[in-house]
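Let me begin by presenting the structure, written as structure tokens, before commenting on it.
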There are 2 protein chains.
Amino acid sequence: MAASKVRHAGTNFMKENKNISRREREKRRQRRDMLAAAIQLFSEKGYHNASMQEIAAKAEFAVGTLYKFFKNKEDLYKALVTEQADRFHETLTATLAEEVGEIEQLRNYVRDKGTVFMDNVAFIRLYFAETRGASFNIKAGLDSELRERHHQLLQILAAVFSKGMNKGMFRRIAEPYHLAVALDSLCNAFLSNWLEGRDSYPESPDIILNIFFQGLLEPTAP
Amino acid sequence: MAASKVRHAGTNFMKENKNISRREREKRRQRRDMLAAAIQLFSEKGYHNASMQEIAAKAEFAVGTLYKFFKNKEDLYKALVTEQADRFHETLTATLAEEVGEIEQLRNYVRDKGTVFMDNVAFIRLYFAETRGASFNIKAGLDSELRERHHQLLQILAAVFSKGMNKGMFRRIAEPYHLAVALDSLCNAFLSNWLEGRDSYPESPDIILNIFFQGLLEPTAP
DNA sequence: TTAAAATATGAATAAGCATTCATATTTTGC
DNA sequence: GCAAAATATGAATGCTTATTCATATTTTAA
């Protein structure tokens with residue numbers, strides 16, 4: 001075909017310009033497809049019960065091809081969890097970066113955490129397992145890496161509480177970091193409830209925030 | 001031995017009287033030892049990476065003996081998790097059964113949940129994995145059973161909130177069940193923090209309860 | 001068009017591990 | 001003490017599955 005030479009020239013041109021060649025795009029698509037198949041099977045059947053052959057079949061590749069992209073099963077799993085968690089943390093970090101006042105920031109955090117979770121149900125089980133559950137040795141170091149990232153997010157959240165306190169907007173009822181832990185865990189609890197089909201995740205973040213904001217105890221004396 | 005007949009007679013006598021024979025006691029000890037070895041290995045290495053041979057070795061029995069006590073690996077795992085969770089829920093149910101006033105009940109719940117967890121660190125990882133994590137198919141039905149039991153405990157906790165509200169002691173800032181979910185998840189979050197070595201679990205339950213009781217927001221106008 | 005290079009394939013290999021069962025050891029009842 | 005009966009043992013079996021690699025297919029570049 002006459003076009004082939006042209007196409008090739010184009011390819012080189014694009015590479016040099018930090019764009020992506022056709023082949024590169026194809027590779028990424030393949031990788032995406034593999035990860036998509038893997039996330040489904042892992043979250044359905046767990047790490048050990050999902051075989052490489054199954055994953056390959058579901059992604060419509062041969063096993064050998066899987067190994068062209070991922071050194072081994074653990075590597076595949078790590079890539080999966082890490083990339084998803086990244087998207088996760090990026091989203092929520094961006095949410096907290098908006099300077100819209102502390103109360104609004106908290107409201108947005110609760111809302112967006114809900115949204116991200118709902119949009120990635122398949123991944124959530126893995127995520128819970130990784131961040132809270134028995135880390136199960138698969139992947140030495142993976143979970144401490146994830147925990148660390150989670151910790152960083154909580155620190156950003158803690159800063160919001162801290163700032164609100166300095167402004168005299170929030171009372172110092174606990175350490176800012178503890179409040180961050182608390183708010184985040186409230187979201188998790190409600191999301192977990194929602195996952196079990198026990199309840200729906202609150203439409204409005206205020207239902208969760210009220211627990212923080214209102215205080216439970218009836219004021220006793222004026 | 002002259003004693004043997006006597007012993008045997010005694011055995012029958014005891015059986016009839018719902019007491020335990022020597023052999024029975026021995027059996028239970030063996031079972032306990034097996035479960036103890038299993039819990040260590042499972043919580044260290046996870047279900048799939050702990051082999052029956054290893055468990056047997058650690059408990060100082062032959063594999064075959066393990067199979068005299070448990071139908072198969074899954075059965076062993078189920079027994080383990082179920083029995084531990086039972087102790088768990090019995091303890092906390094008992095705690096909430098004491099009629100010492102709603103505030104004190106909540107305080108006791110937070111305290112005892114902390115204690116029980118600290119005393120069973122090895123099990124906690126499994127527990128978290130079972131109650132929150134990817135249920136991972138091992139043991140179909142196990143996790144829904146555990147979730148159900150957890151749900152029941154939360155309902156008892158919810159009743160405490162409900163009662164406190166009726167007495168005008170608590171404000172109705174959220175559904176009682178939601179408050180139960182929230183308080184329980186706060187405990188989990190702090191315990192999980194403690195597990196990671198990030199922080200110690202609060203000596204006094206009040207640190208956790210304050211988050212509920214005080215309310216974060218500074219009152220704006222009188 | 002064509003041959004060399006790159007890539008994809010999946011059958012074959014090897015290792016791990018749950019489970020069984022023929023045999024050895026211990027306990028029981030006399 | 002002794003021989004059934006009960007119990008414990010761990011080597012052998014069979015199955016699953018991660019990983020490899022010789023071969024087939026596709027792409028590249030002339």
Side-chain angles (χ1 to χ4, degrees), chain A residues 1-15 21-31 33-34 37-38 41-42 45-79 137-139, chain B residues 1-15 21-31 33-34 37-38 41-42 45-79 137-139:
Chain A
M1 222 170 276
S4 73
K5 199 162 192 173
V6 176
R7 198 204 301 135
H8 177 59
T11 294
N12 278 342
F13 171 77
M14 292 184 118
K15 245 180 200 157
S21 71
R22 184 154 76 108
R23 171 135 283 274
E24 186 63 17
R25 242 174 317 161
E26 175 70 5
K27 281 258 186 99
R28 292 198 189 177
R29 197 187 53 71
Q30 291 181 321
R31 194 186 141 97
D33 288 353
M34 288 174 184
L41 287 167
F42 280 143
K45 324 179 65 177
Y47 180 79
H48 282 280
N49 292 319
S51 76
M52 292 299 266
Q53 345 261 341
E54 263 182 303
I55 294 170
K58 176 153 224 158
E60 300 185 271
F61 290 103
V63 239
T65 314
L66 222 51
Y67 280 85
K68 287 270 153 57
F69 285 77
F70 306 97
K71 177 160 110 271
N72 53 37
K73 191 179 180 184
E74 186 175 319
D75 191 48
L76 167 60
Y77 183 77
K78 272 190 176 182
N137 261 26
I138 334 163
K139 78 277 147 99
Chain B
M1 226 170 276
S4 72
K5 201 165 194 176
V6 176
R7 197 205 299 134
H8 178 57
T11 294
N12 278 344
F13 171 78
M14 292 183 117
K15 245 180 200 157
S21 70
R22 184 155 77 109
R23 171 136 281 274
E24 186 63 17
R25 243 175 315 159
E26 175 68 6
K27 281 257 187 101
R28 293 200 189 175
R29 197 187 53 71
Q30 289 180 321
R31 196 186 141 97
D33 288 353
M34 287 174 184
L41 287 167
F42 280 142
K45 325 179 68 179
Y47 180 79
H48 282 281
N49 292 320
S51 75
M52 292 299 266
Q53 346 260 340
E54 263 182 304
I55 294 169
K58 177 154 223 157
E60 299 186 273
F61 290 104
V63 238
T65 314
L66 223 51
Y67 280 86
K68 287 271 152 60
F69 285 78
F70 305 98
K71 176 160 111 271
N72 53 37
K73 192 179 180 181
E74 187 176 319
D75 191 47
L76 168 60
Y77 184 77
K78 273 192 177 183
N137 263 27
I138 332 163
K139 78 273 148 102

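Every heavy atom of this structure was used, including side-chain atoms; hydrogens, water molecules and symmetry mates were not. Protein chains get the first letters and strands the later ones, always in sequence-line order, with residue 1 at the start of each.
Residues B:Met52 and B:Tyr67 are in side-chain contact: their nearest non-hydrogen atoms beyond the backbone lie under 4.5 Å apart. Taking the side chain as every heavy atom from C-beta outward, B:Ile55 and B:Phe42 approach each other to under 4.5 Å.
In terms of heavy-atom proximity, B:Ala62 sits nearest to B:Ala56 at C-CB, 3.9 Å. Nearest heavy-atom pair, B:Ala79 versus B:Arg31, reported as atom, atom and distance to 0.1 Å: CB-NH2, 4.0 Å.
Rounded to whole angstrom, the span from the CD atom of A:Glu26 across to the C1' atom of D:dT26 amounts to 12 Å. Between B:Glu60 atom CD and D:dG10 atom C1' the separation is 16 Å, expressed in whole Å. When the C1' atom of C:dA8 is taken as reference, atom CZ of A:Arg31 falls 18 Å away, rounded to whole Å. In this structure, A:Leu66 atom CG and C:dA8 atom C1' are separated by 12 Å, rounded to whole Å. Look at CG on A:Leu76: it is 14 Å from C1' on D:dT19, rounded to the nearest Å. Put simply, CZ on A:Phe69 is 17 Å from C1' on D:dT19, counting in whole angstrom units. Rounded to whole Å, atom P of C:dA6 lies 16 Å from atom CD of A:Glu24. Rounded to whole angstrom, the span from the CZ atom of A:Phe42 across to the C1' atom of D:dA18 amounts to 12 Å.
Salt-bridge formation is detected for the pair A:Glu24/A:Arg28: a Lys NZ or Arg NE/NH1/NH2 atom is positioned less than 4.0 Å from an Asp or Glu carboxylate oxygen.
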| request: Would you give a per-nucleotide map of nucleotides 16-22 of chain C, 5' to 3', where B means the base has a protein non-hydrogen atom under 4.0 Å away, S means only the sugar-phosphate does, and - means neither? | output: --BBB--
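Using bins of under 30°, 30° to 60° and over 60° for the plane-to-plane angle, the ring pair B:Tyr77/B:Tyr47 lands in the perpendicular bin.
Distances shown here put every side-chain N or O of B:Gln30 at or beyond 4.0 Å from the OP1 or OP2 atom of D:dT7.
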